[in-house]
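Whatever order the structure lists ligands and atoms in, that order sets their numbers, starting from 1.
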Amino acid sequence: MKTKLKALCIALCAPLLIFCTGFFLSSFSEEPKAEIKFVVPKGWPKPVYDFSKNPVTPEGFALGKKLFFDPLLSKDSSTSCSTCHLQFTNYTHVDHALSHGINGLKGTRNTLSIMNLAWSKTFMWDGGVNNLEVQPLAPITSPVEMDNTLENIVLKLKRSTSYQKKFQKAFGDNTEITGQRVLKALAQFMVSIQTFNSKYDHMMRKEKGAEFTEQEKNGLKLFRQHCESCHKEPLFTNNDYEYNGLEPDQKLKDGGRIKITHNKSDSLKFKVPSLRNIEVSYPYMHDGRFRNLEMMLFHYTNGIAKSEFLSSKLSKPITMDEQDKKDLIAFLKTLTDDRFLHDKRFYYSAD
Ligand code: HEC
Ligand code: HEC
């Protein structure tokens, strides 16, 4: 009787035990470790961000994340950085072409994604900002984004004991909350937003089980033939400003880079955006004029405007049949990094 009971017990418990162990192990292998470490993926160039002036620490990252999600940064506490920069759409917004900020006011450009910024020397569609630690001042003070001042943010933050503790943890010496520390913490968070685990990356690192389909292989070939000169691997940008032949929008009248440099030759040039996670970050271009990748590709094959400013890299027309277009888009979708888009370490947390 006793042995029967034992056997029954084992029979019942064993599957449960196996299930639990499996669950335990799988949650271990899929969940990245809590700490954020900056990684230079194999084969990538050296980052240009100067970490020595603002080393990323777990506490600085946590504070930066809290600030990034906090609507307190806007004048009426309605709008946070994350209102426009959403993780699961590659840190941009997808529901409208031009960004919407405080009081529902419309901006003049499509929100840029935030990712792999340690490799960027300049920021914004026109490169108007050349330091990541200064960049947040632009949205903070923009009357159509957050309409606030750094001084006002510091005043508001000083009223919070939770923030006082967080600043002390992040910057050590005392509890002083300063504008510069707000900017440094935000930069620590933003520079940690790294994406390098897409199917494309697994392929390039020759990882076990990673394989392109025939369609994706052809897509990569076409990409290297027609797009690589500007969207350079592995970052998928040459970190430069180019005019890719978009017909200028007569209402927005956005000249791009010329606004900053006042050089005629910079007319209509915009930042070459990285194409990582491009599948999820529609609509496309500085004014969000294309809703999907098919419309975007139609531009490159059929829609290039005739202009003296057109980049010489696009002077030869791009011709592709329908199958090639499908293949190229299939390749672009291999740049989606699901682990990055749903990495829980970057989720909002209330503490
Ligand atoms: C109302 C929407 C909105 C809000 C709020 C907002 N941004 Fe942006 N962000 C944009 C737009 C639009 C651009 C492109 C601006 C341009 O080129 O003129 C941009 C660009 C950027 C860039 C440049 C990326 C690159 O590749 O050059 C960074 C970094 C950034 N934002 C960080 C922030 C931070 C930090 C905050 C909060 C302090 C913030 N943004 C708040 C809409 C927003
Ligand atoms: C001459 C350089 C150049 C070449 C070649 C080029 N692009 Fe671009 N690409 C750009 C620039 C510049 C922008 C941003 C333009 C703007 O918004 O005004 C851009 C934007 C894009 C965007 C939108 C990204 C976003 O986040 O909104 C996609 C997608 C894209 N290109 C794909 C391609 C593909 C696919 C090819 C090859 C068929 C290609 N590009 C060839 C320079 C180039």
Using a 4.0 Å cut-off to any heavy atom of [X], which atoms of ligand 2 qualify?
X: Ile278; value: 24 (C), 25 (C), 26 (O), 29 (C)
X: Leu314; value: 1 (C), 5 (C)
X: Ser311; value: 1 (C)
X: Leu246; value: 16 (C), 17 (O), 18 (O)
X: His286; value: 16 (C), 17 (O), 18 (O)

**Message:** Once you restrict to heavy atoms under 4.0 Å, what part of Ser229 touches ligand 2? Side chain, backbone, both or neither.
**Reply:**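 Under 4.0 Å from ligand 2, Ser229 contributes side-chain atoms alone.
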**Asked** Side chain, backbone, both or neither: which part of Asp287 comes within less than 4.0 Å of ligand 2 when only heavy atoms are counted?
**Response**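 Under 4.0 Å from ligand 2, Asp287 contributes no heavy atoms.
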**Prompt:** Which bit of Leu117 gets closer than 4.0 Å to ligand 1, counting heavy atoms only: side chain, backbone, both or neither?
**Reply:**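 For Leu117, only side-chain atoms sit under 4.0 Å from ligand 1.
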**Asked** Counting heavy atoms only, which part of Ser80 comes closer than 4.0 Å to ligand 1: side chain, backbone, both or neither?
**Response**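 Ser80 to ligand 1: backbone contact only, side chain stays beyond 4.0 Å.
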**Asked** Near atom 8 (Fe) of ligand 2, which protein N/O/S atoms fall under 2.8 Å?
**Response**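 Listed by chain and number, the nearby protein N, O or S atoms are His231 NE2, Tyr300 OH.
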**Prompt:** Less than 3.5 Å between some nitrogen or oxygen of Tyr243 and one of ligand 2, yes or no?
**Reply:**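 The answer is no, given that Tyr243 and ligand 2 share no N or O pair closer than 3.5 Å.
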**Request:** Looking only at distances, please establish whether an N/O atom of ligand 2 is found under 3.5 Å from an N/O atom of Met285.
**Result:**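 There is such a contact, yes.
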Would you please indicate yes or no on a ring centroid separation below 6.0 angstrom for [Y] and [X]?
X: Phe340; Y: Phe88; answer: no
X: Phe346; Y: Phe61; answer: yes
X: Tyr300; Y: His226; answer: no
X: Tyr243; Y: Phe309; answer: no
X: His231; Y: Phe236; answer: no

**Prompt:** Do the non-hydrogen side-chain atoms of Lys333 and Ile278 ever get within less than 4.5 Å of each other?
**Reply:**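 No, their side chains stay 4.5 Å or more apart.
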**Message:** Could you tell me if the side chain of Gln87 sits less than 4.5 Å from the side chain of Asp343, heavy atoms only?
**Reply:**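 In short, these two side chains touch, coming nearer than 4.5 Å.
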Looking only at protein heavy atoms, which one is nearest to [atom], and how far off is it?
atom: atom 12 (C) of ligand 2; answer: Glu242 O, 3.3 Å
atom: atom 18 (O) of ligand 1; answer: Arg109 NH1, 2.9 Å
atom: atom 20 (C) of ligand 1; answer: Met124 SD, 3.7 Å

Ionic contact status for [Y] with [X], cut-off 4.0 Å:
X: Glu211; Y: Lys199; result: no
X: Lys325; Y: Glu294; result: no
X: Glu233; Y: Arg224; result: yes

Can you tell me if [X] uses its side chain to pair, donor with acceptor, with the backbone of [Y] under 3.5 Å?
X: Ser142; Y: Ala138; value: no
X: Asn277; Y: Val280; value: no
X: Thr111; Y: Ser99; value: no
X: Thr141; Y: Asn148; value: no
X: Asp337; Y: Asn197; value: yes

**Request:** Answer with yes or no whether Asn110 contacts ligand 1, where contact means a heavy atom under 4.0 Å from a ligand atom.
**Result:**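 It does; at least one heavy atom falls under 4.0 Å.
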Interfacing atoms of ligand 1 (cut-off 4.0 Å, heavy-atom, [X]):
X: Gly101; answer: 1 (C)
X: Thr79; answer: 5 (C)
X: Phe123; answer: 27 (O)
X: His100; answer: 1 (C), 2 (C)

**Request:** Determine the minimum heavy-atom distance between Lys66 and Ala350, stating which atoms define it.
**Result:**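 Taking every non-hydrogen atom into account, NZ-O, 3.7 Å.
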**Asked** Looking only at heavy atoms, what is the nearest atom pair of Ile153 and Leu73, with distance?
**Response**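 Answer, listing the atom of Ile153 first, then Leu73: CD1-O, 3.4 Å.
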**Prompt:** Between Lys65 and Tyr348, is NZ or CZ placed under 6.0 angstrom from the six-membered ring centre and within 45° of the ring axis?
**Reply:**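 The answer is no, since Lys65 fails at least one limit relative to Tyr348.
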**Message:** On a heavy-atom basis, I'd like to know which of Met190, Lys271, Lys259, Lys106 is closest to atom 35 (C) of ligand 1.
**Reply:**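 Nearest heavy atom to atom 35 (C) of ligand 1 lies in Met190.
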**Atoms of type N/O/S from protein, distance to atom 8 (Fe) of ligand 1 below 2.8 Å** =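 Near atom 8 (Fe) of ligand 1, the number of protein N, O or S atoms below 2.8 Å is 1.
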**Asked** Applying the salt bridge (Lys or Arg N to Asp or Glu O under 4.0 Å) test to Asp254, which of Lys269, Arg289, Lys259 qualifies?
**Response**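 Going through the options one by one, the only one that passes is Lys259.
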**Prompt:** Nearest 0.5 Å, what's the CD-NZ distance between Gln164 and Lys169?
**Reply:**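 Gln164 atom CD to Lys169 atom NZ measures 13.5 Å (nearest 0.5 Å).
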**Asked** Are any of the heavy atoms in Trp125 under 4.0 Å away from ligand 2?
**Response**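 It does; at least one heavy atom falls under 4.0 Å.
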